[in-house]
Structures are given as C-alpha cells and as structure tokens.
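Data first, discussion second: the structure below is written as structure tokens.
Each residue takes its place number in the sequence, starting with 1.
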Amino acid sequence: KKLIGIDYSQIELRLLAHFSQDSVLVDASRHDKDIHMQTAIALFGEDEAKDKRAVAKTVNFGLLYGMGQKKLSATLGITTKEAKENIQKYFETFPTVKIFFRSIVDRAKEQGYVETLLKRRRYFDFENAKPMFRAAYERESVNTVFQGSASDLIKLSMIEINRIIKEQDLDAKMLLQIHDELIFEIKEEDAETLASRFSHIMIESIQLNVPLKT
C-alpha cells in the first residue's frame, strides 16, 4: 500500500480571487502564478520580492484570517508602524479586496449572518455584542466566508470520492481530512492512477471563476 496526500493549492486565495474578482488575483490564479510572489512584488518591488515572499504570504493569509497590525507585527517581528504600512500598501494594491472585505462585514451586521459558497450560514449577534466581541465578529465574519467555503469544497470532494470508491469497489481508503488535504491508503500498483483520478475530482468539485489546483 501507499499513502497519498492531495491538498488544494492556495485555496483561500483562489476563493478570494473568485469572490472579490480582483484583477491581479484573478490573473495570478488563471495563469498559475505564485500569488505570494505577486504580493511580494506589489508590496516590496521586484528587487526585494524573492527575499520577502514569506512576509507576503503571512500578510496574504493574515488578512484573510482577520489579523490586525498588532498581531501582524508580532508574527513577523516588525514594528506596528511597519505592519500598518504593509496592510495599507496591500489594500492599495488590491483595492477590490478591501471593498469586498468591507462588504462582508456590512452584510453580516445588516443580516446577522454570513454565507459560505454553498450557502451555509454562520450567525453573529452584533446588536447585543460588547465592543471587544464586535471587533472579533468582524474578523470572524470575513474568515468564515473563506474557511467555510474551503470546507464546502473539501466535503464535496470527499462525498464524490467516497461514492466512487464504494461503487467501483476500489482498493483504496480515505483515511484523513486535514483542513484542505485528503490522505488516502491505496494499493501500490493503483496509487498513481487513483491519485490522479481523485485529484481531478477535487479540482472539478465545483466551478469557480478561477481554476482550482491540487
């Protein structure tokens, strides 16, 4: 037997491109560019981009997870002033993203909930929340859209792959789901073929405005 791991590539950022329709992110996703490198170029310029890719990656994911300037400065070991400048520059580079994030929060306050890709809802009681909780709800409302939608995709894939394994009596087991990754145990001689099939199912689980990749 062999263990096979298949995970979605930069799934939250591809979802961000899908939802926000930001031209830079959509172009990077459609032409399979390194999104973190594109962000690094935008934030720090061509000369520094390679050395700053890890910083850009932290900024990319940090903003999706609702990270503010204090948390970003602590994570990167930089001053809050630098962290604030990085966030400002990010939103100047991706203005559509800032508008989209704001729309999620506004909608959450107006409706009392946010929805994932497949319309699953998470409710927030903004009206009765204390200021500290309101700030947390704003971060979580944005985060829910992306992590919840990534969860939608992986569950669709799991259901379809499980159906095929059972119906075709394949010598394969789905062992684990870890965030955006699936781990399989597959008969050695079938490992490459089934890994390719399962990967294709994950990519085709739903049609977005940008291609999915594993």
Between the side chains of E110 and R107, is the shortest nitrogen-to-carboxylate-oxygen separation below 4.0 Å, so that they form an ion pair?
no
Less than 3.5 Å apart, any donor N or O on the side chain of T80 or S73 sitting next to an acceptor on the other?
no
Which atoms form the tightest heavy-atom contact between E12 and F146, and what is the distance?
O-CD2, 3.9 Å
Under 4.0 Å between a side-chain nitrogen and a carboxylate oxygen: does that hold for D34 and R53?
yes
May I ask you to check whether F61 and H36 place their ring centers less than 6.0 Å from one another?
yes
State, to 0.1 Å, how close F101 and L63 come at their nearest heavy-atom pair, and which atoms those are.
CE1-O, 3.9 Å
Assess whether a salt bridge exists between R134 and E138, defined as any Lys/Arg side-chain N lying under 4.0 Å from an Asp/Glu carboxylate O.
no
Enclosure of Q21 CD (heavy-atom neighbours >12, cutoff 6.0 Å)
yes
Distance-only, no hydrogens or angles: does the H31 side chain make a donor-acceptor pair with backbone N or O of D27 under 3.5 Å?
yes
When you group the ILVMFWY residues by side-chain heavy-atom contacts below 4.5 Å and let the links chain together, are V26 and L212 in the same group?
no
Given 3.5 Å as the limit, does a donor-acceptor pair link the side chain of T96 with the main chain of D22, or not?
no
Scan side-chain atoms only and decide if R121 and Q111 contain a donor-acceptor pair under the 3.5 Å cut-off.
no
Pairwise distance CD(E92) to CD(E85) - rounded to 0.5 angstrom:
10.0 Å
Side-chain heavy atoms under 4.5 angstrom apart, residues restricted to Ile, Leu, Val, Met, Phe, Trp, Tyr: same cluster for L13 and M37?
no
Do the charged groups of E127 and K109 touch, with an N to O distance under 4.0 Å?
no
So, are R14 and D32 salt-bridged, with charged N and O less than 4.0 Å apart?
yes
Could you point out which residue of Y137, Y113, F133 forms a ring-ring contact (aromatic ring centres under 6.0 Å, His included) with F124?
Y137
Counting only N and O atoms by type, is there a donor-acceptor contact under 3.5 Å from the side chain of Q69 to the main-chain atoms of K71?
no
Does S103 use its side chain to pair, donor to acceptor, with the backbone of F100 at less than 3.5 Å?
yes
Within the side chain of T144, is there an N or O that forms a donor-acceptor pair under 3.5 Å with the backbone of G148?
no
I'd like to know if the side chain of T93 and the backbone of K89 have a donor-acceptor N/O pair within less than 3.5 Å.
yes
Interatomic distance, CD@E181 vs CG@D7, rounded to 0.5 Å, equals 5.0 Å
Does T79 offer a backbone N or O that forms a donor-acceptor pair with the side chain of E82 under 3.5 Å?
yes
